[in-house]
Amino acid sequence: MMAEKYWLVKTEPSVYSIDDLRRDGETLWDRVRNHQAKLFLRDGMQPGDACFIYHSNAHPTGVVGVAVVMGVAVADPTQFEKGTDGFEPRATREAAVWWARRLKWKGRFAACVELAALRNEPKLAGMRLLARGNRLSVMPVEKFEFHCIEQMAKA
DNA sequence: GCCAACGTTGGC
DNA sequence: GCCAACGTTGGC
């Protein structure tokens, strides 16, 4: 399936890394607790879209691989888990507040495309990830940016 | 560990 | 609805 749109999701590798995704093959990308990121997960992503995996709070930080978006959005099950961080008292089974998507492992880059390298690439100057103050954990990536980073990974 | 930047909460 | 206080993210 040809990817229609391109995305990037952040994860702290000490919590869940690209290697965890490779081991699992597929995972539910849940625990996103920002409304803008939620809308991208729920309404923006479509099956077959390509998604970078980005390691944050890590050594090194950067883009480490690619996943594929699977299926439709599902209510994030962690919002119903009373007594946990993810619990969302406003959520009901009929009206979920937070949403998640299944992501399937596609590949891991031979080397992390580091944040500093992204910042040094003039073609990526407008990339949302690099915008001042950006903290989104799920965000769109332009097609040309996606291909540019894939090329950087091969270099 | 520090801290800049941003998001959320809650008093009014 | 405003906005100060607080919490979180995430690079360094």
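Numbered from 1 within each chain, the chains take letters A, B, ... in sequence-line order.
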Separation of C:dG11 P from A:Arg119 CZ (nearest whole Å):
8 Å
Which residue pairs pass the side-chain hydrogen bond (donor to acceptor under 3.5 Å, both in side chains) test with at least one member in residues 74-83 of chain A, sequence neighbours excluded?
A:Arg33-A:Asp76, A:Arg33-A:Thr78, A:Asp76-A:Thr78
Check the distance between C:dC12's P and A:Leu130's CG and give it to me in whole angstrom.
11 Å
If only side-chain N and O atoms of A:Lys10 are considered, is one of them under 4.0 Å from the OP1 or OP2 phosphate oxygen of C:dG10?
yes
A:Met139 atom CE is separated from C:dT9 atom P, nearest whole Å, by 14 Å
May I have the distance from A:Glu114 (atom CD) to C:dG11 (atom C1'), rounded to whole angstrom?
13 Å
Run the side chain to side chain contact (heavy atoms under 4.5 Å, CB included) test against A:Ala131 and tell me which residues pass, sequence neighbours left out.
A:Asn134
Taking only N/O atoms, report every protein-nucleotides 3-5 of chain B pair under 3.5 Å with atom names and distance.
{"unit_1": "B:dA5", "atom_1": "OP1", "unit_2": "A:Arg132", "atom_2": "NH1", "d": "3.2"}
{"unit_1": "B:dA5", "atom_1": "OP1", "unit_2": "A:Arg132", "atom_2": "NH2", "d": "2.1"}
{"unit_1": "B:dA5", "atom_1": "N3", "unit_2": "A:Arg135", "atom_2": "NH1", "d": "3.2"}

Using whole Å, what does the distance between atom P of nucleotide B:dG7 and atom CH2 of A:Trp98 come to?
12 Å
Step through the shown structure and confirm whether more than 12 heavy atoms of other residues, nucleotides or ligands are within 6.0 Å of NZ on A:Lys5.
yes
Distance in angstrom units between A:Arg33 CZ and C:dT8 P, rounded
13 Å
Sorted by chain and residue number, the ring-ring contact (aromatic ring centres under 6.0 Å, His included) partners of A:Trp99 (sequence neighbours excluded) come out as none
By the side-chain hydrogen bond (donor to acceptor under 3.5 Å, both in side chains) test, which pairs, at least two apart or in different chains, include something from residues 38-47 of chain A?
A:His35-A:Lys38
Hey, could you give me each pair passing ring-ring contact (aromatic ring centres under 6.0 Å, His included) that has a residue in residues 125-155 of chain A? Not counting sequence neighbours.
A:Tyr6-A:Phe146, A:Tyr6-A:His147, A:Phe52-A:Phe146
Between A:His35 and A:Asn57, whichever has its closest DNA chain B nucleotide further toward 5' is A:Asn57
Please tell me if A:Tyr54 has a side-chain N or O lying less than 4.0 Å from either OP1 or OP2 of C:dT9.
no
Protein-nucleotide distance (A:His59, atom NE2; C:dC12, atom P), rounded to Å
11 Å
A:Trp7 and A:Asp49: CA distance, side-chain angles, deciding distance, side chain to side chain donor-acceptor pair (under 3.5 Å) verdict:
CA-CA 8 Å; A:Trp7 304 94; A:Asp49 286 355; 2.9 Å; yes
How long is the line joining CG of A:Leu129 and P of C:dT9, in whole Å?
16 Å
